[in-house]
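Atom set for the values below is all heavy atoms of this structure, side chains included, hydrogens, waters and symmetry mates excluded. Keep in mind the model is a prediction, meaning the values are calculated, not measured.
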Amino acid sequence: MAATGERGRPRSRAARAVLLLAGLNGAALLPSWAGAAQEVASRPARTLEVRVGAAERFLWLSLRDAAGSHLFGREVNRPFSPGLPLQRGVKALQPVGDGREVLVFFDDHSLHRFRDGDFSAERDLPARDLPLALAADGSGLYAIVRAATAAAIRVPIVPESDAATPTQPFEDPFDPGESPLALVAYRRGVWRPLARLPADLDAPDAPRLGVLDDAAAIFLLAERGVSSQTLRRDGSWSQREELFACSALGAWPLLFDQVPYLATVERGADGAPQLHAYRRLGGAWLPASLEGSPLPVGVKPERIEHPFAFNQHVGALVRDEADHAYLQFYRVGEPVSMPTVTIADLLSQRPPTSWVPFQTLMLVVLFGVFATLFVFRRDSMVATIPLPAEWELALTSRRVGAWLVDAFPFTVGATFALRTAGGLHASLLDPDLWREWAAVLQALTKWAIVGDIAQIAPLPGNPLLWWALSAGGFTAYALIMELIAGRTIGKLLFGVHVISSHGGRPRLGQVFIRNVARLLELVPPLWAISFLAVLTRNRQRLGDIFARTVCVQRATIAPDSSGSDPPNADPP
């Protein structure tokens, strides 16, 4: 019998362990619930890597410093949403459609689509190559890629069909000829080569890509000025057209209400960079006067990067001598109506408040569980359950082995289902499937350690949906198997049985309680509760304690070494 104090409180190792688990779980949840923004705001200034993607009504930014990556978005007449933490850095992003959704290339060059707070995997370019330039129209994405990448694209004859199979017919392979670059398009989850780029490109860098007259167009910057070529319907390029002469450091095609603009960065008389705009009217490119929003006092532009079109404004990323970044806005012929944004200020915004109720709920559930254990199930944790002679407590190694056998197929199956639903090829022999499986496990482990669901909600691979599918499927499977057969396949293989604390087979209510409790134990911030199965006197997990059940194995009865005859033995 466990020793008790003056007030009858148990002084067992299990009781102390339960208190320790409650403290550890609470410590993991409280920092994120109380204010992760204070930690972000206290970070020292660092050089920010900024990627910009814009449409007429939506603006997207990805920011990365040594502390991590974040994705920000805003709509016309609204402020930037609080940054969504990302597991990986962003290499490129391009809004598509109305701009509400954005295609994102991550550090590993994988392609994902972000919309309404969720990422979904898209089809990667061959060998996960990274586009050299991106542009979008109303139906999809244009990209300039290396010729070898375009030649490796396999296009099904029926693009709307499901993921390609080895027997599915494909179009003839694309021939890039002597051109080092090619134009490709991404429509309905299928990459398709469109045309080789002219082999005589004399631009020092990859050409800029834009949409001109409802067709893809390339814009070339040379010492003498800017020129362009447009893709014809037959896949050939128009004759190169010299647009205007200038000594620009860079040129970017933009579009306002279907009116083409070109933004250029040129050196002013004082040597500082200045943003200029040229508007296409009646087939001619004419200079357009720009009025910019004021920069903070004392800030002098050192570089101007990533011009974009948003909300009837031309925007650009401006950096000063200290490499601090600002979003400056300009208006063509009218007073500017948008203020300059200091990029570093965005990182000091609070994380999404929509998760605060969830964090509060986790804290309430956590302490409610441990309070219930001490009030209603204290004896289960400190008193030894008398087992029938044929049973003994199941070894922890056996229970872990049984759990792995039962749960592993559901975790892989959830990854398989999500890839299939996303239009991606799914096979157990596909390394991408296993990479995604490992990525979501890593994301959920981070959630379990940090205790903040906002840390993983926007991650690639949709970890929350993956967790719901795998945890829900595993729980339903275990419940059905124990109702029908008394134990799961994993328990059968490892010789583990479930019995009532009274020694018989569990009743239906007991089976239901011990399995439904898994949904609580499998929530990542509450994973530490699983250590109850190691620390409690009867090796019971939370579901067993509440259901009054215990996991056992067949007892190994040692032979009597005393030399005496066993009771009721026949005489010699």
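Using a 4.0 Å cut-off between charged side-chain N and carboxylate O, D323 and R303 make a salt bridge. Electrostatic pairing of E291 and R331 does not count as a salt bridge here, judged by no charged N lying under 4.0 Å from a carboxylate O. Between E302 and R319, no side-chain nitrogen of the basic residue sits less than 4.0 Å from a carboxylate oxygen of the acidic one, so the salt-bridge criterion is not met. Under a 4.0 Å N-O distance rule, the pair E521/R518 does not qualify as a salt bridge. The pair D108-R128 counts as a salt bridge, with a side-chain nitrogen and a carboxylate oxygen less than 4.0 angstrom apart.
Here the side chain of S69 pairs no donor or acceptor atom with the backbone of D65 at under 3.5 angstrom. Side-chain atoms of S228 do not come within 3.5 Å of backbone N or O of F219 as any donor-acceptor pair. Panel note: side chain R187, backbone L141; a donor-acceptor pair is recorded below 3.5 Å. A donor-acceptor pair is defined here as one N or O able to donate and one able to accept, closer than 3.5 Å; no such pair exists between the side chain of W60 and the backbone of V52. Between the side chain of S293 and the backbone N or O of F329, at least one donor-acceptor pair lies under 3.5 Å. No side-chain donor-acceptor contact under 3.5 Å links N311 to the backbone of V76. Judged by distance alone, the side chain of S179 and the main-chain N or O of L181 form a donor-acceptor pair under 3.5 Å.
With a 4.5 Å cut-off on side-chain heavy atoms, Y142 and D137 count as touching. Two residues are said to be in side-chain contact when any heavy atoms from C-beta on lie closer than 4.5 Å; L93 and F105 fail this criterion. In this structure, the side chains of L243 and Y278 stay at 4.5 Å or more apart for every pair of heavy atoms. In this structure the side chain of R57 reaches within 4.5 angstrom of the side chain of E75, judged on heavy atoms. Between L290 and V332 the shortest side-chain heavy-atom distance falls below 4.5 Å. The shortest distance between side-chain heavy atoms of L132 and R146 falls below 4.5 Å. A heavy-atom distance below 4.5 Å is found between the side chains of L183 and L231. R88 places none of its side-chain heavy atoms less than 4.5 Å from the side chain of L86.
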>> As a quick check of understanding, evaluate side-chain contact (heavy atoms from CB on, under 4.5 Å) for T411 and W437, giving each step before the final call.
In response: CA-CA 8 Å; T411 64; W437 175 79; 3.1 Å; yes
> Would K91 and R51 count as a side-chain contact (heavy atoms from CB on, under 4.5 Å) if you check the C-alpha gap in whole Å, the side-chain angles of each, and the deciding distance to 0.1 Å?
Replying inline: CA-CA 7 Å; K91 282 295 186 182; R51 308 291 183 188; 4.2 Å; yes
>> Is there a side-chain contact (heavy atoms from CB on, under 4.5 Å) between L526 and L520? Walk through the geometry before answering.
In response: CA-CA 7 Å; L526 306 181; L520 184 64; 3.5 Å; yes
>> Assess the residue pair L125 and V145 against the criterion (side-chain contact (heavy atoms from CB on, under 4.5 Å)); give the C-alpha distance rounded to whole Å, side-chain angles, the decisive distance to 0.1 Å, and a yes or no.
In response: CA-CA 9 Å; L125 281 166; V145 299; 3.9 Å; yes
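Taking both residues in full, the closest heavy atoms of A185 and L194 are given as CB-CD1, 3.7 Å, listed atom of the first, atom of the second, then distance. Contact detail for L522 and A471: the closest heavy-atom pair is CD1-CB, 3.9 Å. Here the shortest heavy-atom pairing between D124 and S110 reads OD1-CA, 3.4 Å. When all heavy atoms of F174 and A182 are compared, the closest pair comes out as CE2-CB, 3.8 Å.
Rounding to the nearest 0.5 Å gives a distance of 5.0 Å between CG of L346 and CZ of F72. Atoms CG and OG, on L465 and S120 in that order, are 11.0 Å from each other to the nearest 0.5 Å. A distance of 12.0 Å separates CD in Q229 from CG in L212, rounded to the nearest 0.5 Å. Separation of atoms OG (S62) and CG (L84) is listed at 12.0 Å; rounding is to 0.5 Å. A distance of 4.5 Å separates CG of L103 from CZ of R113, quoted to the nearest 0.5 Å. Rounding to the nearest 0.5 angstrom, the gap separating the CG atom in L327 from the CZ atom in F310 is 10.0 Å.
For W191, the ring-ring contact (aromatic ring centres under 6.0 Å, His included) partners are Y186, not counting sequence neighbours. Among residues two or more places apart in sequence or in another chain, the side-chain contact (heavy atoms from CB on, under 4.5 Å) test is passed with P301 by P273, L295, V318. Partners of T149 under the side-chain hydrogen bond (donor to acceptor under 3.5 Å, both in side chains) rule, at least two apart in sequence or in another chain, are D129.
Partner L317 forms a side chain to side chain contact (heavy atoms under 4.5 Å, CB included) with one of I343, L61, L48, I304 and no other, that one being I343.
The distance between the ring centers of W252 and Y261 does not fall below 6.0 angstrom. Checked against the 6.0 Å centroid criterion, the rings of F408 and W403 do not qualify as a close aromatic pair. Ring centers of F106 and H112: under 6.0 Å apart, within the cut-off.
Of the N and O atoms on the side chains of T342 and H324, not one donor lies less than 3.5 Å from an acceptor on the other residue. With no hydrogens or angles considered, a side-chain donor-acceptor pair links Q312 and E56 at under 3.5 Å.
Within the cation-pi definition used here (under 6.0 Å to the ring centroid, within 45° of the axis), R74 qualifies as a partner of F80.
Other residues, nucleotides and ligands place no more than 12 heavy atoms under 6.0 Å from the CG atom of D214.
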